Number of protein chains: 2
Amino acid sequence: MINDLLIKNITKNVAFSKTELEEFTQLFHSKSIKKKEFLLTQGEICKFEGFVLEGCFRIFIIDKKGNENTLYFAAKDWWLMDIDSFMNQIPSNLNMQALEDSKVLLINKQDKIALYDRFPKVEKLFRIMSQKALVSWQRRLINNHSFTAKERYLHFIEKYPDIASKLTDKQIAGYLGIRHEFLSKIKRQS
Amino acid sequence: MINDLLIKNITKNVAFSKTELEEFTQLFHSKSIKKKEFLLTQGEICKFEGFVLEGCFRIFIIDKKGNENTLYFAAKDWWLMDIDSFMNQIPSNLNMQALEDSKVLLINKQDKIALYDRFPKVEKLFRIMSQKALVSWQRRLINNHSFTAKERYLHFIEKYPDIASKLTDKQIAGYLGIRHEFLSKIKRQS
DNA sequence: TTTACATGTTGAACTTGTTCAACTGTTTTC
DNA sequence: GAAAACAGTTGAACAAGTTCAACATGTAAA
């Protein structure tokens, strides 16, 4: 079944009954995105929260200097959304691009609200998911402060080898917060 | 009333009835912390979630090089907690130090769980709070990647003048992710 | 299959930020 | 009120990371 991965993902955090899970997953609709195409581009309002079934996405911002700054990569079994744009219905700063042919499950705002209202446990689920994400963002900032680019690079390819293998060096550099020329120099010495 | 600030803070995000608010706030107990004393030190398990009534705290990590890396400052009307340590009852990496004589409201884990179970709206509240926090952590990481230390410094003192005025330059440097000697040089030129 | 365009590499000069040490000025503390 | 401890400043040498330009390589497209 197509929703197995989603069910497995959510029940890791909160227990749901079979019927609850059915109602839950029915509100998601699947969408295919071809390599290099965008699920969201900056300026648009983010009308969905998404869960990756297949493939991989790069979520990035283009900053004032024109650099592509990658917030995170969302591979299979990851969530992707612009919370700010979705919650407040304001234009997004984010771009979400498929790195390969991908498939996602999406839920729109009304259905998400309906889900929250129908099952308080969904609030708990997203509360827990957000708090876990918070912890990893805090860690990432500290890592950026305490480690050199080389250390961060080695840590990244060790921790996420599957994602790293799908990326160009430019994209990895955009995640590490360095220029790709410098990443090239780092790789030479290591 | 001592709890007015807390009530105002939570009702910004979720509406509660008067009786709900009473039950909610009753589970918090207040604690005074003298300047330079610690609400939490690394190695301890974080047994509380806290809300600052008065004063200001610095939440920092000591990294492998021995540098004090500040995650954030929590002034009046802010929450402070080590989510990871609190949720999973594991030793904390964080230190929470009062920058001046301070007063906090604390809730322990059992009471927090009781609160979640009693009022599903509390799940919503902390879900929303966490998601908002997530957005600002994402922004902060991007800012760290796209701006120089000088730009980050000027941005910080403009955005948080009240907090900045309570801090030593060493503490500000620890938040910006630079050495205090360099901050001194930045200030000279600006 | 050739063209065109992206990605990756390298070097040289440059900017940003670090390190260490010495010095000065301020708070604590006894 | 003196001594100790800490915060801030400065300079010089250094390391980390950027910029720009030139070239090489790979890859998508016509």
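This one's a predicted model, so the numbers in the text were calculated from it and none came from an experiment. Chain identifiers are assigned alphabetically (A, B, ...) following the order of the sequence lines, protein sequences preceding nucleic acid strands; residue numbering begins at 1 within each chain.
Between the NZ atom of Lys34(A) and the C1' atom of dA29(D) there is a distance of 17 Å, given to the nearest Å. Atom OH in Tyr153(B) sits roughly 15 Å away from atom P in dG17(C) (whole-Å rounding). When rounded to the nearest whole Å, the span between CG of Asp169(B) and P of dT27(C) equals 13 Å. Lys187(B) has its NZ atom 15 Å from the C1' atom of dT10(D), to the nearest Å. For the pair Leu176(B) CG and dT16(C) C1', the interatomic distance rounds to 14 Å; values are reported in whole Å. For the pair His145(B) NE2 and dG17(C) C1', the computed distance is 16 Å after rounding to whole Å. Going from atom CG of Leu167(A) over to atom C1' of dA6(C) covers 16 Å, rounded to whole Å. Between Ile172(B) atom CD1 and dG17(C) atom P the separation is 16 Å, expressed in whole Å.
Taking 90° from 0 as the syn/anti boundary, the base of dA22(D) is oriented anti.
Taking the six-membered ring for Trp and the full ring otherwise, Trp79(A) and Phe126(A) have centroids separated by under 6.0 Å.
The residues Asp77(B) and Lys12(B) are annotated as salt-bridged, a charged nitrogen and a carboxylate oxygen being separated by less than 4.0 angstrom. With respect to the salt-bridge test (charged N to carboxylate O, under 4.0 angstrom), the residues Lys76(A) and Glu54(A) do not qualify. Electrostatic pairing of Lys170(A) and Glu68(A) does not count as a salt bridge here, judged by no charged N lying under 4.0 Å from a carboxylate O. Salt bridge present: Arg139(A) and Asp84(B) bring a charged side-chain N and a carboxylate O closer than 4.0 Å.
Under the 6.0 Å distance and 45° angle rule, Arg127(B) counts as a cation-pi partner of Tyr116(A).
Closest contact between the side chain of Lys170(A) and the listed nucleotides dA7(D), dG11(D), dT7(C) involves dT7(C).
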Quick one, give me the B/S/- string for nucleotides 13-22 of chain D, reading 5' to 3', where B means a protein heavy atom under 4.0 Å from the base and S means that only happens at the primed atoms, P, OP1 or OP2.
----BBBB--
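dG26(D) is paired with dC5(C) under the Watson-Crick or G-U wobble criterion, all donor-acceptor distances under 3.5 Å. With a cut-off of 3.5 Å on both Watson-Crick or G-U wobble distances, the partner of dG8(D) is given as dC23(C).
Counting Ile, Leu, Val, Met, Phe, Trp and Tyr side chains that sit under 4.5 Å apart, directly or through other members, Leu154(B) shares a hydrophobic cluster with Phe73(B), Trp78(B), Leu99(B), Tyr153(B), Phe156(B), Ile157(B), Tyr160(B), Ile163(B), Leu167(B), Ile172(B), Tyr175(B), Leu176(B), Ile178(B), Phe182(B), Leu183(B), Ile186(B).
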